[in-house]
S.K.: 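The structure that follows is given in the form of structure tokens.
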2 protein chains.
Amino acid sequence: MSVQERKERERAGRERLIVETARELAEQQGWDAVTTRRLAERIEYSQPVLYSHFRGKREIIGAVALEGATALARALRAATADADGPSARVATLAHAYLDFAERHPAVYDAMFQLDGGLAFAHEDTPEPLKDGFAALLETLSEVAGEGVDPGLFTEVFWAALHGMATLTRAGRLPPTEAERRLELLVNRLAVV
Amino acid sequence: MSVQERKERERAGRERLIVETARELAEQQGWDAVTTRRLAERIEYSQPVLYSHFRGKREIIGAVALEGATALARALRAATADADGPSARVATLAHAYLDFAERHPAVYDAMFQLDGGLAFAHEDTPEPLKDGFAALLETLSEVAGEGVDPGLFTEVFWAALHGMATLTRAGRLPPTEAERRLELLVNRLAVV
DNA sequence: GATTCGACCCTAGCACCGCTAGACAACCGA
DNA sequence: TCGGTTGTCTAGCGGTGCTAGGGTCGAATC
């Protein structure tokens with residue numbers, strides 16, 4: 001059985017290589033540059049190899065998105081860990097979220113802008129996505145306020161962050177006032 | 001000069017036809033279905049004709065976006081016109097915005113999701129886009145609150161609406177609770 | 001009214017895209 | 001050593017956005 005195990009190991013390694021390479025290429029040159037031909041060339045295999053791991057380009061994007069969701073959740077928890085008090089935690093959380101979107105635009109796009117064929121808000125939502133939402137929920141449920149469903153509050157807060165992230169990056173909002181916008185959002189939405 | 005004028009009229013008419021057809025096609029079958037070939041076939045001209053009006057597909061999307069911005073501004077103003085009091089106006093505005101995004105997803109995408117090659121938040125921002133923002137500003141500046149820049153407040157409110165619109169349509173937020181989310185957002189953000 | 005000329009549009013084709021069929025080679029188990 | 005499976009590659013399909021170049025038709029001129 002050792003032979004088969006080795007093959008599976010190699011396969012898994014190559015799959016990670018594909019996803020990692022796709023992410024790198026997207027971060028360097030944008031998702032438009034991530035074509036199956038270029039991706040295949042970078043991993044030093046032919047195109048059809050990609051299709052033995054993923055159904056198509058969409059699934060590759062989805063894999064990057066899942067990886068990104070895990071990273072986002074980790075970043076959010078790391079940021080809020082050493083903040084004292086609910087108020088500071090929320091502000092830090094919001095900062096960390098927008099930071100992530102700004103620093104990893106390609107990954108953020110894979111998660112929320114592009115079609116990665118992922119299910120959301122269903123029972124069959126992949127675990128990393130649920131965990132990303134959970135990371136938001138942990139901090140935000142502290143400041144949802146009386147009689148307000150923490151889940152609902154998190155959704156609203158998240159939507160606002162997402163809107164700011166995307167509109168800013170698309171050049172729809174001037175980046176200069178990002179700090180003040182964030183402050184206003186947190187002050188108004190969070191009940192401390 | 002009459003000949004030349006007639007030609008210009010015909011040209012302008014054909015340009016409107018292109019934009020209108022692109023929008024219809026996008027609304028019917030999504031933007032993926034809007035290819036230069038299909039578009040050319042629908043307007044009963046050959047592909048290169050498109051390029052005598054627009055630099056490329058991106059500019060056609062941009063034209064749909066501009067048309068959409070005008071329509072959105074009109075919709076927002078019409079909705080808020082017969083609402084009594086700042087509070088009701090804000091709620092109505094928010095409803096109208098999300099309604100527009102839901103009823104005209106293709107146009108909304110052209111404006112805010114796709115690359116239409118349009119400038120935003122600059123001096124050279126096209127007039128319809130500025131007017132769309134102005135339509136939001138008119139109602140929202142009433143509820144910005146003391147010492148808060150109305151423009152900044154509008155940006156934050158808009159971002160939240162945009163986030164809710166896109167996340168809902170992308171299946172990231174369950175549409176069932178949209179009403180309650182909107183209520184929460186308005187109650188928290190607007191100062192009455 | 002004939003002729004010249006220029007504006008306009010179409011055919012054909014470029015390079016690239018995502019994806020796949022089928023040939024071929026390499027490796028495993030007997 | 002050999003048969004068969006497994007895996008990879010070459011080649012190509014239909015599609016994309018976009019463009020070069022030829023041909024046609026109508027307008028302006030003689």
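Numbers restart at 1 for each chain; the letters A, B, ... are given by sequence-line order, proteins then strands.
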S.K.: Check if the side chain of B/Arg37 and the base of D/dG17 share a donor-acceptor pair of N or O atoms closer than 3.5 Å.
M.R.: yes

S.K.: How long is the line joining CD of B/Glu41 and P of D/dG17, in whole Å?
M.R.: 13 Å

S.K.: Using whole Å, what does the distance between atom C1' of nucleotide D/dC18 and atom NZ of B/Lys57 come to?
M.R.: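 It is 12 Å, rounded to the nearest whole Å.
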
S.K.: Select from A/Pro48 and A/Thr35 the residue whose nearest nucleotide in DNA chain C is closer to the 5' end of that strand.
M.R.: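 Residue closer to the 5' terminus by nearest nucleotide: A/Thr35.
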
S.K.: Just by distance, do the side chain of B/Thr80 and the backbone of B/Arg77 share a donor-acceptor pair under 3.5 Å?
M.R.: yes

S.K.: Would you say that A/Leu185 contacts A/Leu161 through its side chain, given a criterion of any heavy-atom pair below 4.5 Å between the two side chains?
M.R.: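 A side-chain contact under 4.5 Å exists here.
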
S.K.: In whole Å, I'd like the distance from the CG atom of A/Leu39 to the P atom of C/dG18.
M.R.: 9 Å

S.K.: May I ask you to evaluate whether A/Ser46 reaches the phosphate of D/dT8, defined as a side-chain N or O under 4.0 Å from OP1 or OP2?
M.R.: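 Checking A/Ser46 against D/dT8: no side-chain N or O falls below 4.0 Å of OP1 or OP2.
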
S.K.: Check the distance between D/dG17's C1' and B/Asp32's CG and give it to me in whole angstrom.
M.R.: 14 Å

S.K.: To the nearest Å, how far apart are A/Tyr45 OH and D/dT6 C1'?
M.R.: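 So the two atoms are 14 Å apart, to the nearest Å.
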
S.K.: From A/Arg14 CZ over to A/Tyr45 OH, what is the distance, rounded to the nearest 0.5 angstrom?
M.R.: 5.0 Å

S.K.: A/Trp31 CH2 to C/dG18 P: how many Å, rounded?
M.R.: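 Atom CH2 in A/Trp31 sits about 11 Å away from atom P in C/dG18.
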
S.K.: The side chain of B/Thr36 is closest to which nucleotide in this list: D/dT8, D/dG17, C/dC10?
M.R.: D/dG17

S.K.: How many Å lie between CZ on B/Arg11 and C1' on C/dC8, as a whole number?
M.R.: 10 Å

S.K.: Could you give the CD-to-P distance, from A/Gln47 to D/dG12, as a whole number of Å?
M.R.: 14 Å

S.K.: Look at the side-chain N and O atoms of B/Arg38 and state whether any lies under 4.0 Å from the OP1 or OP2 oxygen of D/dT16.
M.R.: yes

S.K.: Is B/Arg23 salt-bridged to B/Glu27, cutoff N-O under 4.0 Å?
M.R.: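 A salt bridge links B/Arg23 with B/Glu27.
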
S.K.: What's the closest nucleotide to the A/Tyr51 side chain, out of D/dT8, C/dT11, C/dC19?
M.R.: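 The closest nucleotide is C/dC19.
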
S.K.: Taking A/Thr139 for the side chain and A/Leu136 for the main chain, is one N or O donor matched with an acceptor at less than 3.5 Å?
M.R.: no

S.K.: May I ask you to verify if any side-chain N or O of B/Arg14 is less than 4.0 angstrom from the OP1 or OP2 atom of C/dC9?
M.R.: yes

